[in-house]
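Everything on this sheet refers to the single structure shown next.
Note that the coordinates shown come from a computational prediction; the quantities given were computed from them, not determined experimentally. By convention in this document, chain letters (A, B, ...) are assigned in the order of the sequence lines, proteins followed by strands, and residues within each chain are numbered from 1.
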Protein chains: 2
Amino acid sequence: MPKAIFQTIYQDLKIKIEEQQYPFQQLLPSENALVEHYHCSRNTIRRAISMLAEEGYVQSMHGIGVRVIYQPVRQTSFTIGGIESFQESACRNGLTASTRVVQFTELVSDEHIAEKTGFPIGSELYYIQRVRYLNGKALIFDINMFLKACVPGLTPEIAAHSIYDYIENTLGMTIVTSKRIMTVERITQADEKYLDLNDFNCMAVVSGHTYNADGLMFEYTQSRHRPDFFCFQDTATRKQGYPK
Amino acid sequence: MPKAIFQTIYQDLKIKIEEQQYPFQQLLPSENALVEHYHCSRNTIRRAISMLAEEGYVQSMHGIGVRVIYQPVRQTSFTIGGIESFQESACRNGLTASTRVVQFTELVSDEHIAEKTGFPIGSELYYIQRVRYLNGKALIFDINMFLKACVPGLTPEIAAHSIYDYIENTLGMTIVTSKRIMTVERITQADEKYLDLNDFNCMAVVSGHTYNADGLMFEYTQSRHRPDFFCFQDTATRKQGYPK
DNA sequence: GCTATTGACTTGTTTAAACAAGTATGTTAT
DNA sequence: ATAACATACTTGTTTAAACAAGTCAATAGC
């Protein structure tokens with residue numbers, strides 16, 4: 001439900017670019033032209049455009065215009081982007097997804113856990129292990145740790161469905177920022193035990209720290225993907241005025 | 001060299017956060033307080049803050065303030081971020097780097113290459129293979145393809161040093177946007193031939209398309225990393241007003 | 001024919017103002 | 001005591017305006 005004007009314009013432009021009404025390599029209408037079209041101020045247009053630029057849809061050129069650099073990508077594997085739940089990602093990738101909870105316990109953060117996850121020593125946590133199935137194949141092994149105080153009433157049943165759905169819709173908590181680190185690690189015994197591995201000896205691992213609307217880190221997640229079903233997309237823009 | 005005011009404020013706040021003058025979990029001074037401090041408008045302050053939020057340094061909370069969520073990260077392996085050359089990354093990670101050019105040829109894009117790289121069929125390209133050494137170990141295998149028309153006069157000597165340095169400082173071209181895809185792939189014969197692999201049967205692969213200031217894609221790169229020396233960091237923020 | 005300049009575009013930066021909306025802390029009335 | 005309200009903060013959105021700076025093409029002057 002985008003209520004803000006800039007959100008509406010952003011979405012509208014985005015769709016038009018994806019549908020190639022504004023084709024690859026062409027210029028968008030000038031900011032002033034868009035101001036007339038959408039009946040808003042130039043600042044609002046610029047905000048929408050800057051969001052598109054961040055996502056690698058367009059690129060502004062001083063004195064020239066705004067060029068479309070979006071090209072449709074064929075999705076072959078399981079693509080990760082933004083802050084999404086497993087359900088959302090699976091849906092976007094057009095795959096049938098299911099989840100099996102293989103461990104659901106509580107524990108208290110000790111020195112070793114604190115070092116690895118960033119939870120202060122003594123924090124009470126839920127510890128969850130889940131196997132994710134895509135089109136029937138066991139491809140992803142998820143380890144989640146939640147601050148118990150932030151996610152009260154979590155059950156294995158909820159974990160089997162969607163924890164994010166529970167957090168956002170039942171608890172009414174908003175997820176805002178997620179910091180993630182991608183690495184490639186050797187397979188573990190748990191990987192071998194639970195997943196359908198094809199003689200791979202490595203896994204694509206996404207480790208993430210998630211913050212709620214209060215700026216409190218309430219989740220640490222490690223998501224271990226079988227290499228041939230893993231894909232992560234990113235767009236980087238060069239900062240102007242780099243040091244030196 | 002930040003000339004813009006918002007750049008200066010952004011850098012100043014960033015340093016103060018990194019030095020923990022504004023510690024983790026605390027609130028920044030309010031926007032109005034910062035307006036007084038920096039003698040600028042609120043919009044300019046907000047722009048600096050929004051840049052920090054994008055990088056996962058702070059998180060704004062409506063009606064409350066702006067919370068610092070930056071925590072120093074220990075850099076264990078070779079970290080990739082932003083748009084950086086190999087030289088820049090190596091320097092930031094405190095490693096000694098060297099490069100060996102193992103192939104330097106020209107070729108013309110055919111159907112197969114066009115499909116994989118996005119260069120139009122018939123484009124004249126430089127094709128370069130390089131082995132990257134970190135602290136003396138062969139850990140990264142790079143494949144680069146450059147639009148010959150955009151990077152004239154490229155030589156193996158330049159490739160052994162820094163192509164980005166040549167592009168930006170000698171040719172005066174500006175690199176603006178880079179779209180990257182991270183995957184994990186099985187090792188190839190070239191990986192085995194050139195790199196010091198420790199019985200890994202996978203590589204961390206970063207494939208990237210780079211655009212210059214004209215919005216023209218002029219580079220396709222595939223960078224193949226030995227898993228234990230690969231790390232990619234990312235910060236995602238949840239979009240408000242998500243569809244439905 | 002060539003160069004220099006002008007002018008009409010484009011995007012980039014900054015300001016000032018107004019109002020909306022969320023949060024916290026009072027005080028008041030019940 | 002508690003609920004309701006006022007109010008003084010906070011950040012969020014939008015507008016209008018002015019000027020800077022980059023690009024491009026037509027034009028004027030040589």
Check your understanding: Between dT13(C), dT13(D), dG22(D), which nucleotide gets closest to the side-chain atoms of His62(A)?
Key -> dG22(D)

Point to revise | Rounded distance (Å) that lies between atom C1' of dT13(C) and atom CZ of Arg46(B) | key: 17 Å

Practice item. Could you please name the option among dT13(D), dT14(C), dT10(C) that lies closest to any side-chain atom of Asn32(A)? Key: dT10(C)

Practice item. Just report the end-to-end axis angle for the helix from dG1(C)-dC30(D) to dT30(C)-dA1(D), five pairs per end, to 10 degrees. Key: 10°

Review point. Regarding Arg130(A) and Thr99(A), is there a side-chain donor-to-acceptor distance under 3.5 Å anywhere?
Key: no

**Study point:** Gap separating the NZ atom of Lys16(B) from the CD atom of Glu18(B), nearest 0.5 angstrom
**Key:** 13.0 Å

**Study point:** Under-3.5 Å donor-acceptor pair between Arg47(B) side chain and dG12(C) base
**Key:** no

Review point. Expressed in angstrom and rounded to an integer, what is the separation of Glu31(A) atom CD from dT13(C) atom P?
Key: 11 Å

**Study point:** Between Ser85(A) and Gln87(A): side-chain donor-acceptor atoms closer than 3.5 Å
**Key:** no

Check your understanding: With distance as the sole criterion, is a donor-acceptor pair present between the side chains of Ser223(B) and His225(B) under 3.5 Å?
Key -> yes

Practice item. Would you please name every residue forming a salt bridge (Lys or Arg N to Asp or Glu O under 4.0 Å) with Lys148(A), sequence neighbours left out? Key: Glu106(A), Glu124(A)

Review point. Whole Å only: how far is the CG atom of Asp214(B) from the C1' atom of dT11(C)?
Key: 15 Å

**Study point:** Donor-acceptor pair, side chain of Lys179(A) and main chain of Gly56(B), under 3.5 angstrom
**Key:** yes

Review point. Tell me, which of residues 33-41 of chain A have any heavy atom that sits under 4.0 Å from an atom in DNA chain D?
Key: Cys40(A), Ser41(A)

Check your understanding: Quick one: ring pair (Phe, Tyr, Trp, His ring centres under 6.0 Å) partners of Phe104(A), sequence neighbours excluded?
Key -> Tyr126(A)

Review point. Below 4.0 angstrom from OP1 or OP2 of dT13(C), is there any side-chain N or O of Thr44(B)?
Key: no

Review point. From dA21(C), dT14(D), dT11(C), pick the nucleotide closest to the side chain of Ala4(A)?
Key: dT14(D)

Practice item. Please state whether the rings of Phe24(B) and Tyr211(A) are parallel, tilted or perpendicular, taking 30° and 60° as the class boundaries. Key: perpendicular

Exercise for review: Measure the distance from CD1 on Ile45(B) to P on dT11(D) and round it to the nearest whole Å.
Suggested key: 11 Å

Review point. Considering all heavy atoms of both residues, which atom of Gly215(A) and which atom of Ile69(B) are nearest to each other, and what is their separation?
Key: O-CG2, 3.8 Å

Check your understanding: Could you give all pairs that pass the ring pair (Phe, Tyr, Trp, His ring centres under 6.0 Å) test and reach residues 37-60 of chain A, with sequence neighbours left out?
Key -> Tyr57(A)-Tyr70(A)

Check your understanding: Do the side chain of Asn43(B) and the base of dT15(C) come within less than 3.5 angstrom through a donor-acceptor pair of N or O atoms?
Key -> yes

Could you run down the sub-3.5 Å N/O contacts of the protein with nucleotides 6-9 of chain D?
none

Check your understanding: Between atom CG in Leu28(B) and atom P in dT11(D), what is the gap in whole Å?
Key -> 9 Å

Study note, to complete from the structure: Shortest non-hydrogen pair, Leu125(B) vs Met145(B), comes out as CD1-CE, 3.7 Å

**Study point:** For atom CZ of Phe6(A) and atom C1' of dT15(D), their distance in whole Å
**Key:** 15 Å

Revision key, fill the gap. Checking dT13(C), dG12(C), dT14(D) against the side chain of Ser60(A) (C-beta onward), the nearest is dG12(C)

Review point. Any side-chain N or O of Arg42(B) less than 4.0 Å from the OP1 or OP2 oxygen of dA16(C)?
Key: no

Revision key, fill the gap. Between CE of Met51(B) and P of dT13(C) the distance, given in whole Å, is 9 Å

Check your understanding: Counting side-chain heavy atoms from CB outward, which of dC24(D), dT13(C), dT11(C) is closest to Ile64(A)?
Key -> dC24(D)

Review point. Just how far, in rounded Å, is C1' of dT10(D) from CZ of Arg67(B)?
Key: 13 Å

Revision key, fill the gap. Per side chain to side chain contact (heavy atoms under 4.5 Å, CB included), Val58(A) is matched among Leu27(A), Leu13(A), Leu52(A) by Leu52(A)

